[in-house]
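First up is the structure itself, then whatever we jot down about it.
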Amino acid sequence: MAKVEQVIYRGAEAEIIKSTYLGRDVVKKHRVPKGYRLPELDKRLRMHRTREEAKLMLEARKAGVSVPIIYDIHLADATITMGYLRGSRVKELIPKLSDDERRSLCYAIGESIARLHNNGLIHGDITTSNMIFVDGRVHFIDFGLGEVNREVEARGVDLHVLMEAFSSAHSMYPDCFNHVFEGYTSVYEGDVMEVKKKIDEIVRRGRYR
Amino acid sequence: MLSLGIEGTAHTVGVGVVEDDDGRCRVLAKVSRMYHPVKGGIHPREAANHHAEHLPGLIKKAFEEADVEPGEVEVVAFSQGPGLGPCLRTAATAARALALSLGKPLVGVNHCVAHLEIGRGTTGCGDPVLLYVSGGNTQVIAFANHRYRVFGETLDIGVGNCLDKLGRYMGLSFPSGPAIERLARKGETYVDLPYTIKGMDVAFSGLLTAAQQYYDKGVRIEDVCYSVQETVFAALTEVTERAMAHVGKDEVLLGGGVACNRRLRSMVKTMAEERGASFFVPDDSLCVDNGVMIAWTGLLMHKSGVRMRVEESFVDQRFRTDMVDVRWRR
């Protein structure tokens with residue numbers, strides 16, 4: 001029987017394909033070749049990014065953060081096969097929650113981000129579109145812009161991205177980021193005031209005014 | 001409506017005269033002079049002296065070329081920023097003097113916005129993502145929420161600046177872009193270089209150092225140029241594509257001096273084709289700094305009701321793209 005594969009999302013860099021793997025529902029993240037790039041450079045970049053993303057997902061799991069299970073990595077084809085998450089995107093979930101539920105969800109998001117940061121991991125694109133709520137737990141997806149980095153600057157930028165996402169996508173719930181930061185504070189092992197100051201500094205920079 | 005514009009943000013001083021042709025820009029005059037440093041890069045004061053020396057002649061020549069009387073011009077526009085202080089002040093002084101002597105309104109134009117508007121005015125695109133690449137500026141700009149917003153930009157040096165520094169290091173003259181493009185066509189072997197993208201931003205200083213080291217180690221200059229072009233332009237094309245996906249626009253426009261590079265054009269064109277988008281680039285003479293784009297943007301601003309008194313016409317070296325209230329697009 002032919003396998004049914006369907007592209008469910010097409011981004012600038014990769015396409016997300018719904019498929020099956022050994023009888024399980026999976027998604028494949030395939031970084032597509034770019035015709036404008038020199039083939040050798042294109043291949044180097046796609047392989048490197050695929051490897052880095054898989055490594056970060058593994059490290060995130062070790063740090064105690066929920067991420068999809070990786071079933072297979074095909075480097076030459078720049079594809080990661082991972083478990084399909086049957087849940088709701090946090091972006092769509094937030095407006096449906098009660099104030100208390102929203103507060104505890106945001107708190108849990110903050111705890112997870114702090115676990116990443118405690119282990120030197122930067123997600124790089126923390127938005128509510130990149131979080132999926134399954135069985136009471138927030139799962140993080142799309143580590144494509146992530147990196148290993150222990151600098152406060154990187155942590156500040158990481159949180160600032162989420163702050164911006166909240167203010168654009170969830171402007172009617174202005175307290176969300178504060179709840180995230182409470183959760184973050186409860187788990188973060190470094191000087192949380194330093195991170196707070198960094199975020200304030202980033203907000204003040206011209207670009208983001 | 002007739003408009004005269006004076007450009008003077010960096011090494012080029014230019015004067016343009018344009019007419020509104022039912023929403024399209026008709027160019028009546030396009031004259032310019034470029035300051036060439038004796039050695040090294042641009043010396044701001046020397047460049048400003050150069051501009052001051054040539055402006056009276058250029059303005060006269062522009063009127064002759066356009067075949068209009070000075071009194072027929074309805075608005076005088078100038079590049080208000082961003083740019084080098086002495087150059088900006090020189091162009092602004094000329095514009096104020098001209099506007100006052102003719103008794104015509106004066107309007108200050110944002111240079112980056114002008115690069116985008118001249119593309120819209122002459123190529124037929126409507127709502128593009130602009131990849132603006134020049135010596136000092138490298139930005140990915142698109143219209144959102146009544147403003148031209150910068151979605152991506154360089155975190156260190158402009159792409160043209162990167163090419164010029166590399167060129168100077170390898171003994172090429174300023175500006176080095178055209179020479180690098182010629183040499184790159186004879187390149188055969190690609191050498192690995194840092195490819196730095198952070199979200200929708202790019203950075204080039206690490207690549208510049210690495211390229212200089214390859215040159216020192218005896219890698220053929222043609223191969224250095226080829227590898228630099230392939231890497232730098234791919235990174236620019238990638239962030240442009242990301243911005244297009246992010247803001248959901250299906251037109252891409254090139255602008256700035258580096259947009260004259262044929263390899264960059266072909267890459268952005270290929271990217272556009274692969275995602276079913278349309279590709280636009282103005283004539284070479286309108287990609288580089290020019291007075292026409294200032295005249296055209298000034299005309300749009302004036303028609304939308306923007307007014308500026310001479311007392312408020314200060315130049316701004318750090319005039320940001322998103323500071324402009326885009327009243328002519330509502």
Side-chain angles (χ1 to χ4, degrees), chain A residues 7 9-16 31-49 52-53 78 122-127 129-130 142-149 151 153-154 156-162 164-165 167-169 171 202 204-209, chain B residues 82 129 139 144-145 149-153 155 187 189-201 226-227 229-248 252 263-277 279 318-323:
Chain A
V7 176
Y9 180 75
R10 202 168 258 132
E13 188 186 10
E15 53 191 21
I16 306 296
R31 289 184 154 80
V32 292
K34 295 292 180 186
Y36 62 79
R37 251 179 337 220
L38 203 65
E40 53 200 293
L41 172 62
D42 188 61
K43 185 149 196 200
R44 178 190 111 195
L45 290 171
R46 291 190 299 118
M47 282 173 67
H48 176 78
R49 289 173 182 178
E52 289 301 303
E53 181 168 9
I122 299 299
H123 180 282
D125 193 15
I126 310 181
T127 64
S129 303
N130 284 336
D142 196 359
F143 284 73
L145 294 175
E147 60 174 338
V148 174
N149 187 330
E151 285 169 30
E153 165 77 21
V157 171
D158 218 17
L159 284 163
H160 181 258
V161 169
L162 179 62
E164 291 277 281
S167 72
S168 62
S171 50
I202 294 164
R204 279 196 310 271
R205 283 180 203 163
R207 215 21 240 278
Y208 302 109
R209 249 185 335 206
Chain B
V129 169
Q139 303 184 338
N145 264 330
R149 300 193 188 268
V150 178
F151 286 89
E153 65 187 320
L155 298 169
T189 311
Y190 177 79
V191 291
D192 273 355
L193 286 164
Y195 183 100
T196 313
I197 285 188
K198 301 202 171 192
M200 282 185 269
D201 294 329
Y226 170 64
S227 307
Q229 281 203 166
E230 289 301 318
T231 314
V232 164
F233 295 160
L236 290 169
T237 307
E238 180 170 0
V239 292
T240 307
E241 181 170 19
R242 285 195 178 189
M244 290 172 77
H246 180 75
V247 297
V252 59
R263 180 58 183 141
L264 175 63
R265 287 186 184 189
S266 86
M267 280 198 203
V268 176
K269 188 159 184 274
T270 304
M271 177 273 282
E273 282 164 4
E274 284 183 357
R275 56 182 294 113
F279 169 78
R318 297 173 187 278
F319 194 178
R320 291 199 55 91
T321 305
D322 55 13
M323 283 160 66

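These numbers come from the heavy atoms of this one structure, side chains and all, not from hydrogens, waters or symmetry mates. Order of the sequence lines sets the chain letters (A, B, ...), proteins ahead of strands, with each chain counted from 1.
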Task: Exercise: identify the closest heavy-atom pair between B:Ala234 and A:Leu41 - done: CB-CD2, 4.2 Å
- [ ] May I ask you to name which of B:Lys269, B:Arg263, B:Met244, B:Glu241 has the most heavy-atom pairs under 4.5 Å with chain A?
- [x] B:Glu241
TODO: Return yes when atom CD of B:Glu274 has more than 12 non-hydrogen atoms of other residues, nucleotides or ligands closer than 6.0 Å, and no otherwise.
DONE: yes
Task: A:Lys34 vs B:Met271 side-chain heavy atoms within contact, under 4.5 Å - done: no
Task: Test item: B:Tyr190 and A:Arg44 side chains (from C-beta on) under 4.5 Å apart, heavy atoms - done: yes
Open item on the list: Between A:Arg49 and B:Glu238, does any NZ, NE, NH1 or NH2 come within less than 4.0 Å of an OD or OE carboxylate oxygen?
Closed with: yes
TODO: Taking salt bridge (charged side-chain N to carboxylate O under 4.0 Å, His left out) as the test, write out the residues that go with A:Glu147, two or more places apart.
DONE: none
Task: Under 4.5 Å from a heavy atom of chain B, the part of A:Leu145 involved - done: side chain
TODO: Verify side chain to side chain contact (heavy atoms under 4.5 Å, CB included) between A:Arg37 and B:Tyr195, making sure each step is shown before the conclusion.
DONE: CA-CA 12 Å; A:Arg37 251 179 337 220; B:Tyr195 183 100; 3.1 Å; yes
Open item on the list: Among residues at least two apart in sequence or on other chains, which ones pass salt bridge (charged side-chain N to carboxylate O under 4.0 Å, His left out) with A:Glu15?
Closed with: A:Arg10
Task: Under 4.5 Å from any heavy atom of chain A - which part of B:Leu193 - done: backbone
